[in-house]
Amino acid sequence: KAGVTQTPRYLIKTRGQQVTLSCSPISGHRSVSWYQQTPGQGLQFLFEYFSETQRNKGNFPGRFSGRQFSNSRSEMNVSTLELGDSALYLCASSPYPGGEETQYFGPGTRLLVL
Amino acid sequence: SQQGEEDPQALSIQEGENATMNCSYKTSINNLQWYRQNSGRGLVHLILIRSNEREKHSGRLRVTLDTSKKSSSLLITASRAADTASYFCATGGYGQNFVFGPGTRLSVLP
């Protein structure tokens with residue numbers, strides 16, 4: 001099976017812009033989770049989607065949002081970008097929701113906000 | 001706040017030596033997983049151990065779990081230069097999202 005894919009791999013934006021990142025899970029996986037990774041804060045959970053419904057949400061401002069489509073592909077959006085949003089954004093897929101099974105990660109999207 | 005806390009934060013060893021990393025957590029868990037990350041890339045799943053298991057092996061990896069002490073350890077035997085990476089533990093619970101620790105940076109010197 002193909003692994004988790006994320007697009008784009010690299011992105012440069014300026015403050016105030018918005019960005020949309022995409023994640024395609026492993027075929028058959030219905031859960032997609034998003035994480036932000038920075039040197040200072042480490043890996044932080046953003047949100048999880050299962051069957052097009054958001055199941056869990058981390059402690060991030062409302063500028064961070066996401067959605068999941070009927071084919072399980074997911075997008076996350078960050079509006080009004082700030083310098084501190086520069087990070088590696090990782091998505092992970094799993095057959096089941098919640099923290100009960102292995103999550104498989106994509107290569108990440110590296111976002112730089114100038 | 002992070003639930004998992006890895007120890008040490010950084011570790012340097014020679015090729016052929018064993019590397020041991022520890023992870024402590026605070027609340028009840030369903031499972032604990034270890035991941036490897038090479039230089040800012042995606043995370044690679046290494047091993048999952050469930051709360052009713054005490055030890056698990058996979059190749060050169062050995063993971064133990066002590067739920068009474070809320071801790072786990074990852075042992076990599078006969079380390080290779082290719083094992084140089086950051087290692088993260090992640091705790092999972094029923095209906096909860098995974099929580100990752102800050103990671104251990106392992107350097108294996110040739």
Side-chain angles (χ1 to χ4, degrees), chain A residues 2-7 9-10 21 23-26 29 31-50 53-60 66 86-112, chain B residues 1-10 21 23-53 56 58 61 63 65 67 72 85-105:
Chain A
V4 178
T5 58
Q6 291 186 246
T7 57
R9 294 291 310 279
Y10 303 92
L21 311 182
C23 172
S24 292
I26 291 172
H29 286 191
S31 168
V32 173
S33 297
W34 289 89
Y35 296 85
Q36 181 195 65
Q37 186 178 29
T38 59
Q41 298 297 318
L43 269 157
Q44 293 190 290
F45 172 77
L46 280 157
F47 27 67
E48 179 195 13
Y49 286 88
F50 181 77
T53 301
Q54 187 181 88
R55 295 191 76 254
N56 279 313
K57 189 176 192 303
N59 189 24
F60 279 81
S86 294
L88 181 66
Y89 290 88
L90 294 161
C91 87
S93 78
S94 178
Y96 305 108
E100 300 175 39
E101 292 295 336
T102 298
Q103 288 192 322
Y104 297 89
F105 282 80
T109 293
R110 187 165 293 282
L111 171 65
L112 177 61
Chain B
S1 62
Q2 301 279 5
Q3 159 138 275
E5 293 284 338
E6 289 93 344
D7 167 56
Q9 290 187 348
M21 288 159 266
C23 170
S24 59
Y25 57 93
K26 296 182 179 133
T27 62
S28 297
I29 61 171
N30 168 266
N31 64 79
L32 186 144
Q33 305 188 34
W34 285 91
Y35 289 84
R36 183 186 74 227
Q37 184 179 39
N38 290 86
S39 194
R41 299 182 184 176
L43 276 71
V44 174
H45 180 258
L46 296 175
I47 202 161
L48 178 154
I49 186 167
R50 297 200 183 275
S51 58
N52 60 352
E53 297 175 307
K56 223 167 172 183
S58 176
L61 306 179
V63 167
L65 178 64
T67 52
S72 172
S86 291
Y87 292 81
F88 296 88
C89 69
T91 52
Y94 292 106
Q96 301 171 19
N97 53 279
F98 285 106
V99 180
F100 284 81
T104 292
R105 289 190 314 277

Arg9(A), part contacting chain B, at a heavy-atom distance under 4.5 Å: neither
Can you tell me which portion of Leu48(B) sits under 4.5 Å from chain A's heavy atoms? Options are side chain, backbone, both or neither. side chain
Heavy-atom cut-off 4.5 Å, strictly under: side chain, backbone, both or neither for Thr102(A) against chain B? both
Nearest atoms (heavy-atom pairs only) where Gln37(B) meets Leu90(A): NE2-CD1, 4.3 Å
Interchain contact, Tyr35(A) with chain B, by part (heavy-atom threshold 4.5 Å): side chain
Flag if over 12 foreign heavy atoms under 6.0 Å of CD, Glu53(B): yes
Who pairs with Phe50(A) by ring-ring contact (aromatic ring centres under 6.0 Å, His included), at least two apart in sequence or on another chain? none
Residue among Gln6(A), Arg110(A), Arg55(A), Gln103(A) with most heavy-atom pairs under 4.5 Å to chain B: Gln103(A)
Which pair of heavy atoms, one from Glu101(A) and one from Phe98(B), lies closest together, and at what distance? O-CZ, 3.1 Å
More than 12 heavy atoms of other residues, nucleotides or ligands under 6.0 Å from CG of Asn52(B): yes or no? yes
